[in-house]
Amino acid sequence: MTSDILIIGGGVIGLAIAVELKLRGANVTVLCRDFNAAASHAAAGMLAPDAENISDPAMYDLCWRSRALYSDWTRKLEELTGLSTLYWPCGILAPVYEESGAGIKSTVASARESPAYWLDKTAIGQYQPGLSSEVVGGWWYPEDAQVDNRALARVLWAAAESLGVELKDGVTVEGLLQQQGKVLGVQTSAGVMRATHYVLATGAWANELLPLPVRPVKGQMVRLRVPDAVPELPLKRILFGENTYIVPRRNRTIIIGATSEDVGFTPHNTPAGIQKLLQQATRLYPQLQDYPIEEIWWGFRPATPDELPILGTSPCTNLTLAIGHYRNGILLAPITAALIADFISEQKSDPLLSHFNYSRFLAQTSTSTSMLTHSANFSNGHHAIVALDNSALTNLDSPLTIAGKTFKSRLMTGTGKYRSIEEMQQSIVASECQIVTVAVRRVQTKAPGHEGLAEALDWQKIWMLPNTAGCQTAEEAIRVARLGREMAKLLGQEDNNFVKLEVIPDPKYLLPDPIGTLQAAEQLVKEGFAVLPYINADPMLAKRLEEVGCATVMPLASPIGSGQGLKTTANIQIIIENSRIPVVVDAGIGAPSEAAQAMELGADALLINSAIALAKNPAAMARAMNLAAVAGRLAYLAGRMPIKDYASASSPLTGTISS
Ligand code: FAD
Ligand code: GLY
């Protein structure tokens, strides 16, 4: 299937962009994993740049412009579909329990482009009867508004459908197929699909496809119904209180929101969450305590580290980003659609877009590059000399070659388990390694020690070996491998198709699954990856992996992280004897003597992480491992003397004087 523009994600952002592009004459397809799981259905629908107290000026500008578009935009959608969005410019009242001083002095907030009025206790009581007696005053934001976000999502879907946008719900995009800065297609649950241009609008799930810092922030919600016994709508404007908001709809429902929880994609409502919501809402507007509860639900806001969206260009020329709208995606839908459509269809880049470019998260790279010098400061204050004169080796050895790429160093290291990023950086320098493996999932989820990791190393000097640590099945590993490839590309390694394949279902012994590893390796090789599979030291499996086209095999010396040293010597020796691809001994090496021993056996390279990271002085241990790998290799090439049963004098006996 080919279309002009393929949009990944069918929340309000993806759909609004689809409608806008279609209206400008493009052929548009939208792929959506689950229409109903979108944050767009979970939201409260407030259009509230003022009440949300947005402090970033460019963001305020963006929000303000979007709110200004809302009335015409929803009218146009309603005309197209004959359906209502329940857009309601109802204003927002923001009551407070304590006078904070600062805002209360003026009646109109100065720096704002829209009016905001301070109401004292008497005035706010007249504006909105029934507020808690604890309320001492509050702000009135007359231009903030609301839309029924679920109705809006349905209207957008219907509008897109009626305009002829191809809409596919239940289709997951599993990976972007990209080459040299261009997306060539997307791998989906329904096969490969292609387009001229692609838009990423996958909300909180964005970093499943690109390593961008978008994370979910969960929000729980409650809906009440105004009892029939209450004839008039008791609330005619939104109440935006401290830690709660109450959104009355014209259809006599009342939305109460929302928690804000950093719990990843943990589903479900919780008693604690719902209790908190109800307590805060009934404190603010006590009569709610007798209203019937109609529904509770939750959703995931797409948050970025600076809480601003990511809009516009991406690392690929034909991929546009529209993600990370966090608390204001409903509000920002019309402006996002307009700016992104201008950008794609008319190559017009609104000056505001530059403020929201993804590259702001790569800004640390150049400074962190300088953190990696060619020498390492040991923690004892000594300046270590890390340049090793390898000239003695050059005549004897050829470089390590993996998938056509050559490396001088035969020691690979990792980034896990270090006590600090600095120790990790120093150790990697001291190890002189050229390949560093990085756990894609941990970088993606910013696991402890992995925050900022991608930016902490100089990827112009070090070849990234993305690994699939944490994957329990072949499918997971394939997905994470694709993500790893995107991560390497994003960090400037355009031609890096390497993946260290780990499929480990067993969390106790951390032993790799041979069948899952073989299955994933077959698929990844087909997709053009250079696969470096981590395996038990099983000569038969090693051979099969070689036959399916793996770039190396990586047998374990002993259980991962155990530091038990070489426990699988006999099998590793068989693997080495029979292998035509490099054998990299991985896992279990605890001391330089063991590293040297593995190299003396004829291993082509080593991967050592824990023994370095968990040493008292990791940089010194990294240097020792480097020397051991070099020594072991040189010893292997030099050919060791045969082992004899009996002693043999060191000095020749000939020429000695005997009595
Ligand atoms: P989503 O609506 O989450 O849609 C993303 C879509 O992409 C989903 O359908 C998903 O299935 C699909 N997808 C993901 N990955 C893939 C893939 N690999 N392949 C195919 N499809 C994929 N904003 C406001 O402006 N006002 C509010 O009052 C408000 N209140 C909120 C209250 C709560 C509790 C929450 C959670 C959010 C709230 N928001 C609010 C924020 C707003 O909901 C979001 O910013 C907005 O919905 C983001 O829209 P989106 O289209 O980017 O993402
Ligand atoms: N904008 C309201 C929320 O995210 O909860």
Side-chain angles (χ1 to χ4, degrees), residues 6-18 29-49 51-54 63 66-67 70 92 144-150 152-153 156-157 167-176 186-190 193 199-210 214 216-222 238 240 243-245 247 255-261 265 269 273 277 296-304 307 309-311 321-337 479 482-483:
L6 195 147
I7 296 172
I8 312 167
V12 292
I13 297 297
L15 290 172
I17 295 170
T29 299
V30 176
L31 303 180
C32 183
R33 176 161 53 207
D34 185 353
F35 180 59
N36 291 315
S40 302
H41 296 270
M46 292 180 291
L47 311 174
E52 285 276 359
N53 201 15
I54 290 158
C63 290
S66 203
R67 190 185 59 191
Y70 239 92
I92 294 186
D144 277 350
Q146 66 158 298
V147 68
D148 181 334
N149 44 289
R150 289 188 188 177
L152 175 68
L156 279 166
W157 188 273
L167 294 163
K168 292 182 185 293
D169 193 22
V171 175
T172 300
V173 173
E174 291 162 349
L176 304 176
V186 291
Q187 178 77 46
T188 80
S189 51
M193 299 188 188
V199 178
L200 190 72
T202 46
W205 298 268
N207 84 352
E208 285 179 12
L209 295 172
L210 271 187
V214 178
V217 173
K218 180 175 167 181
Q220 302 192 46
M221 303 280 275
V222 176
I238 295 167
F240 199 99
N243 306 316
T244 187
Y245 49 76
V247 182
I255 316 286
I256 298 173
T259 63
S260 194
E261 303 165 63
F265 286 107
N269 288 106
L277 287 181
I296 56 175
W297 69 92
W298 71 93
F300 299 108
R301 301 174 185 91
T304 60
E307 302 185 352
I310 301 176
L311 303 175
L321 305 175
I323 49 180
H325 290 77
Y326 191 38
R327 294 179 64 92
N328 293 292
I330 306 299
L331 166 63
L332 290 172
I335 191 77
T336 302
R479 194 176 60 70
R482 292 180 187 137
L483 190 61

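We count ligands from 1, going down the list as the structure has it; atoms in each ligand are counted the same way. Just so it is clear, the model here is predicted, and its values are computed rather than measured.
- Considering only heavy atoms from C-beta on, Ser66 comes within 4.5 Å of Leu332 through its side chain.
- Only side-chain heavy atoms of Tyr245 come within less than 4.0 Å of ligand 1; its backbone N, CA, C and O stay farther off.
- Taking every non-hydrogen atom of Ala258 and a distance limit under 4.0 Å, the qualifying atoms of ligand 2 come out as 5 (O).
- Checking only distances, Pro302 never comes within under 3.5 Å of ligand 1, N or O to N or O.
- A distance-only check finds a donor-acceptor pair linking the side chain of Asp169 to the backbone of Phe35 [under 3.5 Å].
- Using a 4.0 Å cut-off to heavy atoms of His325, the atoms of ligand 1 that qualify are 45 (O).
- Taking all heavy atoms of Ala39, Ser66, Gly329, Gly14 into account, the minimum distance to atom 1 (P) of ligand 1 is reached by Ala39.
- Contact annotation: for Trp298 versus ligand 1, there are no heavy atoms closer than 4.0 Å.
- Using a 4.0 Å cut-off to heavy atoms of Glu52, the atoms of ligand 2 that qualify are 1 (N), 2 (C).
- The main-chain N or O of Ser189 is never found under 3.5 Å from a side-chain atom of Thr172 such that the two would form a donor-acceptor pair.
- Ligand 1 has Val171 within reach: a non-hydrogen atom of the residue lies less than 4.0 Å from it.
- Across Pro49, Gly175, Ala44, heavy-atom proximity to atom 30 (N) of ligand 1 is greatest for Ala44.
- Within the 4.0 Å heavy-atom shell around ligand 1 one does not find Ala204.
- In this structure, atom 18 (N) of ligand 1 lies nearest to the protein heavy atom Val173 O, 2.9 Å.
- Here the heavy atom of the protein found nearest to atom 15 (N) of ligand 1 is Arg33 NH2, 3.3 Å.
- Taking every heavy atom of Gly203 and a limit of under 4.0 angstrom, the matching atoms of ligand 1 come to 5 (C), 52 (O), 53 (O).
- Ligand-side atoms of ligand 1 in range of Leu31: 20 (C), 21 (N), range being under 4.0 angstrom from any heavy atom.
- Trp297 places a side-chain N or O within 3.5 Å of a backbone atom of Ala42 that can act as its donor or acceptor partner.
- In this structure, CG on Leu200 lies 12.0 Å from CD1 on Ile13, to the nearest 0.5 angstrom.
- Proximity annotation for atom 47 (O) of ligand 1: of Gly299, Ser260, Gly9, Ser40, Ser40 comes nearest, heavy atoms only.
- A distance of 10.5 Å separates CG of Asn269 from CE of Met221, quoted to the nearest 0.5 Å.
- Under 4.0 angstrom from ligand 1, there are no non-hydrogen atoms of His41.
- Close approach of ligand 1 to Leu331 (heavy-atom distance below 4.0 Å) involves ligand atoms 24 (C), 25 (O).
- The shortest separation from a heavy atom of Ala37 to ligand 1 is not under 4.0 Å, leaving the residue out of contact.
- With a 4.0 Å cut-off on non-hydrogen atoms, Tyr326 does not touch ligand 2 at all.
- Within the listing of ligand 1, atoms 34 (C) sit less than 4.0 angstrom from a heavy atom of Gly219.
- Looking at Ile330 against ligand 1, both its backbone and its side chain come within 4.0 Å, counting heavy atoms.
- Distances below 4.0 Å separate heavy atoms of Met46 from the following atoms of ligand 2: 2 (C).
- Looking at Leu277 and Ile296, their side chains never come closer than 4.5 Å, going by heavy atoms from C-beta outward.
- Counting the atoms of ligand 2 from 1 in the order shown, those under 4.0 Å from a heavy atom of Arg301 are 3 (C), 4 (O), 5 (O).
- Here's the thing with Ile13: one of its N/O atoms is less than 3.5 angstrom from an N/O atom of ligand 1.
- Considering only non-hydrogen atoms, atom 35 (C) of ligand 1 lies nearest to Arg301 out of Arg301, Met46, Met221.
- Scanning all protein heavy atoms for the shortest distance to atom 23 (N) of ligand 1 gives Arg327 O, 2.8 Å.
- For atom 11 (O) of ligand 1, the nearest protein heavy atom (residue, atom name, distance) is Asp34 N, 3.1 Å.
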